[in-house]
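Because the structure is predicted, anything quoted here is derived from the model rather than measured. Every chain is numbered from 1, with letters handed out A, B, ... down the list of sequences.
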2 protein chains.
Amino acid sequence: MKRYIFVRQLIRDRGVRLTAQRELVLRRALAHLHFTAEQLVEDVRRVDPSVARASVYRALALLHELGVVEKHDFHYGAPNYEVTEGKAHHDHLMCTQCGEIIEFQEPRVERLQAEIVKRYGYQLLSHTHKLYGLCPACQRTQKPHSAKPPALHVTEMVS
Amino acid sequence: MKRYIFVRQLIRDRGVRLTAQRELVLRRALAHLHFTAEQLVEDVRRVDPSVARASVYRALALLHELGVVEKHDFHYGAPNYEVTEGKAHHDHLMCTQCGEIIEFQEPRVERLQAEIVKRYGYQLLSHTHKLYGLCPACQRTQKPHSAKPPALHVTEMVS
DNA sequence: GAACTGTTTGAGACTGAGTCTCAATGTACG
DNA sequence: CGTACATTGAGACTCAGTCTCAAACAGTTC
């Protein structure tokens with residue numbers, strides 16, 4: 001895949017070694033696109049149990065620095081990592097009951113962000129924008145207070 | 001203070017007991033407005049060392065349920081709690097270098113959020129919207145890669 | 001290909017933030 | 001007062017992530 005080759009190059013350009021462990025972590029991350037750090041650890045170790053937890057975390061941090069993955073904290077269970085390299089920028093809408101996540105794009109919000117930041121003289125580096133609510137299905141089957149972390153499952157961007 | 005009396009009433013209306021511990025946690029939280037959970041633990045225990053860590057966390061969770069405090073994770077150090085009861089809704093702009101936080105309001109973003117949510121048939125419950133960047137001062141004294149969590153200090157909403 | 005040098009690794013101890021357990025204590029109310 | 005339930009303190013525990021450090025690895029120079 002193109003993306004794999006591209007990221008390998010990014011790693012080399014970074015001036016760090018492209019080791020077998022880093023490659024494996026990269027391959028497993030790209031295979032999932034959405035995962036928690038511990039899921040990735042498990043997945044990598046399923047392929048090669050000799051890879052240490054710390055190495056997966058280190059490689060993940062590297063991918064994060066390179067802008068290949070982003071970290072999302074939805075406040076429901078462990079933070080979620082997402083491979084964003086090569087994807088258009090998007091934000092998230094999450095159902096607090098069933099955990100469904102919808103990725104959406106909204107250029108008008110981005111424009112307002114630029115304006116806000118300018119108002120305070122800031123230079124914008126990044127942002128997070130998350131909407132929480134009830135999906136149509138959960139609105140119908142609504143329980144007054146379920147409150148327990150739902151399993152996350154992501155619906156890829158529709159627009 | 002009005003706010004204190006109001007929240008006490010909220011707690012009672014909740015059907016739970018208004019114990020000395022809960023009152024103390026409430027008073028210390030209202031005294032700070034912005035704090036991490038561990039700061040609050042320390043502060044409460046400075047007043048009364050017999051209060052357990054767990055009790056502070058339990059009271060904080062209660063205040064959160066009541067909508068009195070909100071939890072913010074800025075990805076720089078520990079999550080930050082904010083007393084939002086009685087305050088107009090606002091979002092945050094943070095300097096990733098010095099940790100300054102500016103609270104801003106932007107009704108036009110809220111309108112767009114309503115629109116987005118409608119598009120997917122969701123019922124909006126809450127949102128987080130955080131902008132990260134460099135404040136004017138840090139743009140001038142910019143280091144290529146400081147990367148270490150700055151101390152947080154909040155500038156109250158200007159608008 | 002040996003020696004040197006800096007990088008990366010695995011293993012596991014450690015940390016920080018928060019949660020859980022459970023016996024003891026407190027409190028509302030019949 | 002007595003019962004029943006809510007709340008608490010103390011500390012063990014969990015979970016996600018970080019740190020340490022000796023060993024292994026990879027370039028580079030000879």
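With sequence neighbours excluded, the residues that form a side-chain contact (heavy atoms from CB on, under 4.5 Å) with A/Arg27 are A/Tyr4, A/Leu24. For A/Leu10, the side-chain contact (heavy atoms from CB on, under 4.5 Å) test picks out A/Phe6, A/Leu66, A/Val68, with sequence neighbours left out. With sequence neighbours excluded, no residue satisfies side-chain hydrogen bond (donor to acceptor under 3.5 Å, both in side chains) with B/His64. Contacts of A/Arg53 classified as salt bridge (Lys or Arg N to Asp or Glu O under 4.0 Å), with partners at least two apart in sequence or in another chain: A/Glu38. For the salt bridge (Lys or Arg N to Asp or Glu O under 4.0 Å) test, residues two or more places apart in sequence or in another chain that qualify with B/Arg8 are B/Glu23. Residues forming a salt bridge (Lys or Arg N to Asp or Glu O under 4.0 Å) with B/Glu70 (at least two apart in sequence, or on another chain): none. Every residue two or more places apart in sequence or in another chain that forms a side-chain contact (heavy atoms from CB on, under 4.5 Å) with A/Ala52 is listed here: A/Ser55. Annotation: side-chain contact (heavy atoms from CB on, under 4.5 Å) contacts of A/Asp91 (sequence neighbours excluded): A/His89, A/Phe104, A/Glu110, A/His127, A/His129. For the salt bridge (Lys or Arg N to Asp or Glu O under 4.0 Å) test, no residue two or more places apart in sequence or in another chain qualifies with B/Arg17.
Near DNA chain C, meaning a heavy atom under 4.0 Å away, the residues from residues 50-59 of chain B are B/Arg53, B/Ala54, B/Tyr57, B/Arg58.
Protein chain B contacts DNA chain C from C/dA17 to C/dT27, reading 5' to 3' and using non-hydrogen atoms of the protein with a distance under 4.0 Å.
Comparing B/Arg45 and A/Lys71, the nucleotide of DNA chain D nearest to each residue sits closer to the 5' end for B/Arg45.
Atom P of nucleotide D/dA6 and atom CD1 of B/Ile11 are separated by 17 Å, given to the nearest angstrom. As rounded to whole Å, 14 Å separates atom P of D/dT7 from atom CZ of B/Arg12.
Between A/His32 and A/Tyr81, a ring centre-to-centre spacing not shorter than 6.0 Å is recorded.
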Each nucleotide N or O in nucleotides 26-28 of chain D that has a protein N or O under 3.5 Å away: list the pair and distance.
| from | atom 1 | to | atom 2 | distance (Å) |
| --- | --- | --- | --- | --- |
| D/dA26 | O4' | A/Arg17 | NH1 | 3.4 |

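The shortest distance between the side-chain N/O atoms of B/Gln21 and the OP1/OP2 oxygens of D/dG9 is below 4.0 Å.
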